[in-house]
Participant: 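Questions regarding the structure given below will be posed in turn.
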Amino acid sequence: MIQTVTTTPFTDQKPGTSGLRKKVRVFAQPHYAENFIQSVFDSLEGFEGETLVVGGDGRYLNREVIQSVLKMAAANGFGRVLVGQGGILSTPAASHLIRSSGAFGGLILSASHNPGGPDEDFGIKYNIGNGGPAPEKVTDAIAARSLVIDRYKIFDAADVDIDSPGTRQLGDMVVEVVDPVAAYADLMESLFDFAAIKTMITGGFTLAFDSMSAVTGPYATEIFERRLGAPSGTVMNGTPLPDFGHHHPDPNLVHAKDLYDRLMAADAPDFGAASDGDGDRNLIIGRHCYVTPSDSLAVLAANAHLAPGYAAGLKGIARSMPTSGAADRVAEKLGIPLYETPTGWKFFGNLLDAGMATICGEESAGTGSDHVREKDGIWAVLLWLNILAARKQSVAAIMADHWAIHGRNYYARHDYEAIAKEKADALMVALRNKLDALPGTSNSGGTIGSADDFAYSDPTDQSVSRHQGIRILFDDGSRVVFRLSGTGTEGATLRVYIERYVGPDGNLAMETADALAPLIAAAQEIADIRGFTGMDSPSVIT
């Protein structure tokens with residue numbers, strides 16, 4: 001029986017760059033999750049009898065909210081829901097399932113790289129029929145609806161068994177519990193030369209993959225250990241846990257320090273990698289060689305033709321504005337377009353759908369291609385392995401060769417986390433107010449050539465996105481970028497991106513901190529970060 005439940009709006013349900021993220025205790029409030037789910041459904045048209053994909057990263061509250069989604073989808077008229085067994089679906093696997101099943105869209109339950117547990121984070125995002133995150137016109141409609149919603153519809157029934165494969169009925173709607181791994185693993189095998197990678201591994205190549213007790217464990221075990229023949233134990237922390245084993249599932253040098261230390265040891269494996277809470281980010285480390293996400297994007301683009309799925313070459317490369325210009329130099333050498341977009345994978349979706357780009361990446365460890373409409377951590381690892389198998393070189397040797405051809409973009413991101421929102425907003429307002437006066441002035445970083453508040457005009461539909469980050473561009477090609485992140489759940493996070501380019505004939509062997517020291521000082525001088533936030537140093541440096 002369908003119930004109509006009277007409710008009142010919550011004022012904090014505007015989705016960010018990738019859905020709605022809040023603390024578990026916020027989502028656990030009566031009607032909170034249901035209000036948002038109904039706001040999504042009320043913002044869509046034409047889904048009567050259609051298919052919805054549902055799954056998540058297994059974090060705390062995942063199973064409970066999936067039950068609400070199933071019952072509300074039945075009450076609102078969906079004809080079928082595909083749900084990952086046990087409620088599990090990595091974000092890229094969900095994107096693939098939406099696309100391959102012809103689904104109307106999907107709800108992905110995750111807060112991505114944010115921690116999980118009863119006192120930590122939860123999230124919901126809606127992906128459209130192309131498998132990618134909802135565009136701004138949809139998220140804006142969801143936000144508007146959430147402010148006036150007065151009722152939601154839900155099917156009154158017992159919880160659905162989501163642990164046993166097969167189909168069951170919920171009112172007039174079919175619920176199909178599907179293997180969350182097999183179809184995705186098959187897709188990966190169609191793109192990459194598994195035989196060559198397996199030969200490399202059985203020949204003595206060693207690797208370590210840290211799933212961070214998050215969603216990629218089952219995927220990594222199936223692909224790396226079963227299909228590619230890596231020894232048991234190659235996949236570390238491979239069981240998804242509701243609290244991620246108290247790990248912070250963000251694959252960076254702070255939260256994956258154990259993996260980093262292992263790759264820097266005297267007896268390090270040849271290759272190390274990690275992925276995040278929902279499986280869409282990646283960390284790449286060779287033996288004694290950390291690869292920045294921006295450099296990884298550039299190397300993958302330059303060598304993608306070595307993998308069967310990309311043997312025909314790339315149509316274009318897209319990167320988010322804060323990502324370093326390393327990929328720009330690859331695009332120039334390949335003679336293909338380079339697109340600079342705002343942060344958020346949804347901006348890449350239009351370019352991929354239009355056939356204008358093949359590989360995309362963000363500095364926040366997200367890389368992917370036109371095989372799905374999300375970033376994809378395991379995909380990036382497999383492309384690296386395919387390149388290593390084809391070139392028969394170490395990660396360090398490949399990086400050295402790349403810089404010798406293209407030059408090196410020394411790059412770092414400084415995160416100032418959990419700042420009071422009013423202080424973060426005041427810092428950004430002060431920066432915007434001084435933009436016109438900055439060009440021609442000098443500081444520790446050199447002379448400023450230009451300064452702007454980045455705006456993006458989408459070449460596929462001419463939509464414009466403004467206020468996407470403040471760019472300070474120096475005469476020598478260096479830059480500092482300031483941006484407030486939308487992925488946190490408490491306070492605000494100020495991200496400061498610092499970049500210096502050195503050509504192939506310059507010093508390519510500097511320590512990153514030394515190369516960037518003048519620009520780090522310049523960022524403080526320009527923005528008075530200490531004065532506005534009270535913080536003497538960043539929370540995280542990557």
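Quick note: residue numbers are just sequence positions, from 1.
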Participant: Just checking, any donor-acceptor pair under 3.5 angstrom between side chains of T367 and N282?
Facilitator: yes

Participant: If the plane angle is over 60° it's perpendicular, under 30° parallel, otherwise tilted; pick one for F209 and F224.
Facilitator: tilted

Participant: Does E511 CD have over 12 foreign heavy atoms under 6.0 Å away?
Facilitator: no

Participant: Between V372 and S95, what is the shortest heavy-atom contact and its length?
Facilitator: CB-OG, 3.5 Å

Participant: Quick check against the 3.5 Å criterion: does Y219 have a side-chain atom that pairs as donor or acceptor with the backbone of S90?
Facilitator: yes

Participant: Does K333, at its NZ atom, have more than 12 non-hydrogen atoms belonging to other residues, nucleotides or ligands within less than 6.0 Å?
Facilitator: no

Participant: Where do P269 and T206 come nearest, in terms of heavy atoms and distance?
Facilitator: CA-OG1, 3.2 Å

Participant: Should we say atom CD of E525 is surrounded by more than 12 heavy atoms from elsewhere, each under 6.0 Å from it?
Facilitator: yes

Participant: Knowing that exactly one of I529, I541, L519, D415 qualifies, which makes a side chain to side chain contact (heavy atoms under 4.5 Å, CB included) with V496?
Facilitator: I529

Participant: Could you tell me whether R262 and D258 make a salt bridge, using a distance below 4.0 angstrom between a side-chain N and a carboxylate O?
Facilitator: no

Participant: Once you round to the nearest 0.5 Å, how far does CD1 of I128 lie from CZ of F104?
Facilitator: 9.5 Å

Participant: Output the distance between atom CE (M399) and atom OG (S394), rounded to the nearest 0.5 Å.
Facilitator: 11.0 Å

Participant: Relative to each other, are the rings of Y310 and F192 parallel, tilted or perpendicular (30° and 60° limits)?
Facilitator: tilted

Participant: Going from CD1 on I472 to CG on L431, what distance comes out if it is rounded to the nearest 0.5 angstrom?
Facilitator: 6.5 Å

Participant: Could you pull out every donor-acceptor pair under 3.5 Å between side chains of residues 337-348 and any protein atom, sequence neighbours left out?
Facilitator:
from, atom 1, to, atom 2, distance (Å)
E340, OE1, R471, NH1, 3.3
E340, OE2, R319, NH1, 3.3
E340, OE2, R319, NH2, 3.4

Participant: Verify the neighbour count for atom CG of N433: are there more than 12 heavy atoms of other residues, nucleotides or ligands below 6.0 Å?
Facilitator: yes

Participant: I'd like to know if D476 and R500 make a salt bridge, using a cut-off of under 4.0 Å between side-chain N and carboxylate O.
Facilitator: no

Participant: Does a side chain donor of either N303 or R391 reach within less than 3.5 Å of an acceptor in the other side chain?
Facilitator: yes

Participant: For the pair Y501 and R408, evaluate side chain to side chain donor-acceptor pair (under 3.5 Å) and give the outcome as yes or no after the intermediate values.
Facilitator: CA-CA 6 Å; Y501 174 68; R408 183 174 181 182; over 6 Å; no

Participant: Using the rule salt bridge (charged side-chain N to carboxylate O under 4.0 Å, His left out), only one of K375, R413, R495 pairs with E363; which is it?
Facilitator: R413

Participant: Atom CG of L191 and atom CG of L382: how far apart are they, to the nearest 0.5 Å?
Facilitator: 9.0 Å

Participant: Could you state the interatomic distance from CG (D452) to CG (L473), rounded to the nearest 0.5 Å?
Facilitator: 6.0 Å

Participant: Could I get the full list of side chain to side chain contact (heavy atoms under 4.5 Å, CB included) partners for T221, not counting sequence neighbours?
Facilitator: E225, R226, V235

Participant: Would T358 and K315 count as having a side-chain donor-acceptor pair, cut-off 3.5 Å?
Facilitator: no

Participant: Which atoms form the tightest heavy-atom contact between I359 and A304, and what is the distance?
Facilitator: CD1-CB, 3.8 Å

Participant: Mind running side chain to side chain donor-acceptor pair (under 3.5 Å) on D278 and T91 for me, showing each step along the way?
Facilitator: CA-CA 6 Å; D278 66 331; T91 290; 2.5 Å; yes

Participant: Is a side-chain donor-acceptor pair under 3.5 Å present for D276 with S112?
Facilitator: yes

Participant: Between R530 and D536, is there a side-chain N and carboxylate O pair less than 4.0 Å apart?
Facilitator: yes

Participant: With a 3.5 Å cut-off and no angle check, do the side chains of D250 and H255 form a donor-acceptor pair?
Facilitator: no

Participant: Of all heavy-atom pairs between G377 and S275, which one has the smallest distance, and what is that distance?
Facilitator: CA-OG, 4.0 Å

Participant: If you look at every heavy atom in A185 and E222, which pair is closest and at what distance?
Facilitator: CB-CG, 4.1 Å

Participant: So if I apply the side chain to side chain contact (heavy atoms under 4.5 Å, CB included) rule between I470 and each of L435, V481, L427, L438, which one comes out positive?
Facilitator: L435

Participant: Nearest 0.5 Å please: distance from the OG atom of S539 over to the CG atom of L494.
Facilitator: 9.5 Å

Participant: Judged by modelled atom types alone, do T216 and S211 share a side-chain donor-acceptor pair under 3.5 Å?
Facilitator: yes

Participant: Have Q468 and D453 got a donor and an acceptor in their side chains that come within less than 3.5 Å?
Facilitator: no

Participant: Take E499 and S478 through the side chain to side chain donor-acceptor pair (under 3.5 Å) test and state the conclusion after the steps.
Facilitator: CA-CA 6 Å; E499 179 177 4; S478 301; over 6 Å; no

Participant: Parallel, tilted or perpendicular: which one describes the rings of W379 and H371, with boundaries at 30° and 60°?
Facilitator: parallel

Participant: Could you go step by step and tell me if T323 and S294 meet the side chain to side chain donor-acceptor pair (under 3.5 Å) rule?
Facilitator: CA-CA 6 Å; T323 303; S294 294; 4.9 Å; no

Participant: Tell me yes or no: between the side chains of N386 and D193, is some donor less than 3.5 Å from an acceptor?
Facilitator: no

